[in-house]
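Just so you know, ligand 1 is whichever comes first in the structure, and atom 1 is the first atom listed for that ligand.
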Amino acid sequence: MCDKCKERFFITTPIYYPSDKLHIGHTYCTVATDAMARYKRMRGFDVCFLTGTDEHGQKIETKAKEANTTPKAFVDNIVEGEKGVKDLWKLMNISYDRFIRTTDPYHMETVQKVFKKMYEKGDIYKGTYEGMYCTPCESFWTASQLKDGKCPDCGREVQPAQEEAYFFRLSKYAQQIRNLLVNTDFLEPRSRVNEMVHNFLDPGLEDLCVSRTSFTWGIPVDFDPGHVVYVWLDALFNYTSALGFLNDHCNDYEKYWPADVHFVGKEIVRFHSIIWPAMLMSMEMPLPKKVFGHGWLLLDGGKMSKSKGNVVDPYLLAERYGTDALRFFLLRTFPFGSDGNFSNEALISCINTDLANDLGNLVSRTIAMAQKYFGASLCANQVEDAEKDTELVELVSGLAGRYEEQMEKFAFQNALSEIFKVIGRANKYIDENEPWRLAKDEANFPRLARVLYNLLETVRICAGLLRPFMPGTADEIAARLGGARTDWDSLTTFGLLPRDVATVAGPVMFPRIDIDKELKELEAAIAAQAAPQEDPLPEPLPEITFDAFEKVEMTVVKVLGCEKVKKSEKLLKFTLDDGTGTPRQILSGIAKYYQPEELLGKTLVAVTNLAPRKMMGQLSCGMLLSAERGDKLNLIMLDDSIAAGSRLV
Ligand code: ME8
């Protein structure tokens with residue numbers, strides 16, 4: 001297919017909220033999207049796979065404040081920092097084509113233009129919001145939407161809230177949205193349509209509050225300072241700003257929009273199947289072709305979430321069992337559209353059963369026998385299949401078709417099931433044909449070569465079809481088959497492997513795991529990770545001369561008085577006896593760590609030749625010494641018998 005005639009395929013994951021490090025639940029959706037993107041590339045599509053991070057909103061603002069940093073520095077660390085979002089996608093071998101951050105200026109430009117356009121059209125208007133607000137979800141709810149008085153999404157407490165705000169006329173599009181959901185295949189699985197109709201459309205769609213004034217970490221409404229754009233309007237338009245819609249970042253909007261499919265978790269189906277299409281209708285833009293709402297990975301029956309403290313760390317698992325094994329487990333074990341219970345035991349059993357026993361065994365037995373009986377290359381030239389080969393050959397020949405049918409429905413589990421039925425059949429074929437017995441008589445060698453050829457061909461086709469799920473493993477198997485073809489066209493035809501294929505032996509691909517021993521070790525590793533970590537050592541400072549050190553005057557002081565500085569959360573004001581007879585005043589930013597009264601009479605150390613400086617309008621003459629590591633701080637306290645004015649040398 002020439003590049004120009006290639007069909008486009010635009011697929012997206014939700015953009016992740018970087019308030020905490022990602023867990024295995026987040027990894028699940030991105031791995032599924034990656035498998036689909038790789039499958040479509042294998043089919044010759046011009047694929048654009050978009051992922052990214054959704055970085056605005058109150059939760060991030062609050063978290064950054066708690067961490068004593070700016071929101072941008074906070075998200076930078078989680079997105080770009082060590083073991084951050086991008087590192088995780090690298091580890092998981094995620095082949096995204098674009099990564100958008102909603103703090104990217106081109107995205108912010110698009111959102112401002114969209115907001116203005118909808119405002120000018122009359123689809124966004126100014127009003128007053130009164131309702132219940134769920135801070136963790138950043139969602140306003142009406143009384144009728146609450147579940148037992150709590151947030152219907154996360155079940156947490158909500159607070160009454162009122163503010164001047166802009167509203168999007170969601171109600172105007174209610175009928176069009178109902179048609180879209182009920183009369184088309186826009187939203188899948190179908191059960192999600194029923195949820196949307198029952199929970200949101202039937203009670204009646206109300207206009208949606210799309211601006212906030214209670215915090216500042218968002219995209220400003222450029223024509224009304226003080227208002228920032230609601231984080232969901234901001235986030236949803238990432239799907240088009242990433243393509244260059246209303247910005248100059250790139251020029252791919254015409255090429256890739258509308259999206260072929262948005263993969264999203266079930267709790268954000270409402271945003272993607274009601275609010276998003278309504279906003280696109282307002283903007284008179286084409287709608288995405290499909291939204292697929294996948295299920296959750298549950299732990300002990302509940303949703304994994306950092307705030308509940310029950311998250312599973314993908315780094316730990318991928319480092320222990322390998323990226324491919326983890327990717328495979330996620331898509332083999334849980335049906336994509338439904339919830340599934342994660343457990344360490346299920347993961348290890350899946351590796352043992354499917355990868356070690358079935359796939360690994362088939363590959364290593366087959367190649368070992370080919371090498372043992374035929375050396376460098378097989379010679380399966382003359383002998384035709386016997387009748388007892390038909391079943392396997394037919395099963396393998398039709399595999400790509402059955403797999404395709406499932407992949408096109410995003411039924412990853414079923415697609416893998418088709419492959420593993422064949423792998424199981426091939427292992428049985430070895431037992432039926434007993435190559436070791438054939439090898440005892442040279443007259444049987446042509447037949448033996450044929451049996452091994454059929455097995456190697458089965459391995460080739462299975463490996464090629466596994467590539468979207470386990471790219472590294474597929475490459476490894478293809479290499480062991482002498483660099484055999486595994487492109488899509490070659491997978492639909494049995495018999496393309498050269499008859500004199502030169503196989504290459506290699507180490508066991510998926511060693512069997514001793515499940516009891518491993519479970520104990522894994523649990524210990526998880527517990528060690530959960531244990532509080534030592535704060536990292538501070539960066540070392542450059543070397544100084546002895547002369548420079550001697551110039552610092554460190555004096556023993558006694559606390560005569562200590563009080564909080566008015567209007568400051570950080571500062572304490574000390575009156576100190578430094579031995580000179582004139583009390584010395586020092587301000588110190590340690591109010592978070594000490595109550596003034598507990599410091600009275602204490603013997604401390606101060607740098608007393610530091611140039612005086614003003615803080616909150618008051619003079620500070622020197623600095624008290626303290627020891628700091630991470631967020632812990634202790635003043636240096638000396639034995640009270642040491643006289644004020646003594647010098648530290
Ligand atoms: O929702 N199992 O971001 P997010 C399966 N920023 N999927 C899970 C999961 C679990 N245990 N936990 C989370 C957001 N997810 C928004 C998206 S898109 C314009 C904006 C999934 O980081 C969740 O369902 O909270 C969602 O699809 C995705 O991870 C990102 O969640």
Side-chain angles (χ1 to χ4, degrees), residues 11-33 50-60 63 75 78-79 84-85 88-89 92 94 98-103 107 110-111 114 134-139 151 153-154 192 218-219 229-242 259 261-277 279-280 288 291-314 329-331 333-343 412:
I11 183 167
T12 68
T13 64
I15 48 171
Y16 294 87
Y17 203 71
S19 55
D20 289 294
K21 298 256 152 122
L22 301 190
H23 56 68
I24 196 86
H26 301 114
T27 311
Y28 177 51
C29 179
T30 305
V31 165
T33 314
L50 170 68
T51 187
T53 41
D54 168 14
E55 304 184 357
H56 291 120
Q58 190 167 21
K59 196 158 52 172
I60 300 269
K63 285 245 169 186
V75 290
I78 297 187
V79 178
V85 179
L88 179 60
W89 297 157
M92 294 307 298
I94 302 299
R98 280 175 208 197
F99 191 103
I100 188 171
R101 300 182 56 181
T102 56
T103 48
H107 168 76
T110 297
V111 170
V114 163
C134 173
T135 307
C137 295
E138 318 244 8
S139 289
C151 172
D153 271 354
C154 71
R192 306 262 179 245
I219 300 178
V229 176
Y230 175 43
V231 72
W232 270 103
L233 190 158
D234 169 353
L236 286 163
F237 274 92
N238 92 86
Y239 299 132
T240 58
S241 63
V261 63
H262 294 310
F263 278 175
V264 301
K266 64 177 186 178
E267 85 282 21
I268 59 172
V269 162
R270 175 173 78 101
F271 296 99
H272 284 83
S273 67
I274 296 179
I275 296 170
W276 179 222
M279 286 181 175
L280 290 170
V291 170
F292 190 95
H294 66 77
W296 284 341
L297 288 195
L298 307 175
L299 199 66
D300 306 323
K303 188 185 177 221
M304 257 175 236
S305 81
K306 190 81 185 181
S307 54
K308 285 198 215 155
N310 65 345
V311 293
V312 175
D313 177 16
F329 162 73
L330 291 174
L331 299 179
T333 311
F334 310 109
F336 193 47
S338 329
D339 291 349
N341 257 312
F342 177 92
S343 77
F412 302 106

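- Between F263 and Y28, a ring centre-to-centre spacing not shorter than 6.0 Å is recorded.
- Between atom 2 (N) of ligand 1 and the options L297, I24, L299, the minimum heavy-atom separation is to L297.
- Taking every non-hydrogen atom of H272 and a distance limit under 4.0 Å, the qualifying atoms of ligand 1 come out as 18 (S), 19 (C).
- Of all atoms in ligand 1, numbered sequentially from 1 with element shown, those under 4.0 Å from a heavy atom of H294 are 5 (C), 7 (N).
- Closest heavy-atom approach to atom 20 (C) of ligand 1 within the set F334, Y16, W232: this belongs to W232.
- Residue-to-ligand polar distances keep Y28 apart from ligand 1: every N/O pair is separated by 3.5 Å or more.
- Residue G295 has at least one heavy-atom neighbour below 4.0 Å for each of these atoms of ligand 1: 5 (C).
- Taking S241 as the reference, H107 meet the side chain to side chain donor-acceptor pair (under 3.5 Å) condition, with sequence neighbours excluded.
- In this structure, a donor-acceptor pair under 3.5 Å is absent between the side chains of T13 and T30.
- With atom 6 (N) of ligand 1 as the reference point, the heavy atom nearest to it among D20, D54, L330, T30 is part of D54.
- Here the two rings, on H272 and Y239, have centers that are under 6.0 Å apart.
- Each of the atoms 24 (O), 27 (O) of ligand 1 lies under 4.0 Å from some heavy atom of G265.
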Verify side chain to side chain contact (heavy atoms under 4.5 Å, CB included) between D339 and K266, making sure each step is shown before the conclusion.
CA-CA 9 Å; D339 291 349; K266 64 177 186 178; 2.7 Å; yes

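- For atom 16 (C) of ligand 1, the candidate residues are V312, I268, I15; the nearest heavy-atom contact is made by I15.
- Listed by chain and residue number, P18, F74, V85 satisfy the side-chain contact (heavy atoms from CB on, under 4.5 Å) test with I78 (two or more places apart in sequence, or in another chain).
- I11 contributes atom CD1, which lies 11.0 Å from atom CZ of F292 (distance to the nearest 0.5 angstrom).
- The option with the heavy atom closest to atom 18 (S) of ligand 1, from among Y239, F342, F271, is Y239.
- Against a heavy-atom cut-off of under 4.0 Å, H23 is close to the following atoms of ligand 1: 9 (C), 11 (N), 12 (N).
- Near A235, with a cut-off below 4.0 Å to any heavy atom, the atoms of ligand 1 are 19 (C).
- K63 and D20 are joined by a salt bridge, as a carboxylate oxygen and a charged side-chain nitrogen come within less than 4.0 angstrom of each other.
- Polar contact with ligand 1: present for G25 (N/O pair, distance under 3.5 Å).
- To the nearest 0.5 Å, atoms OG1 (T33) and CG (L50) are separated by 10.0 Å.
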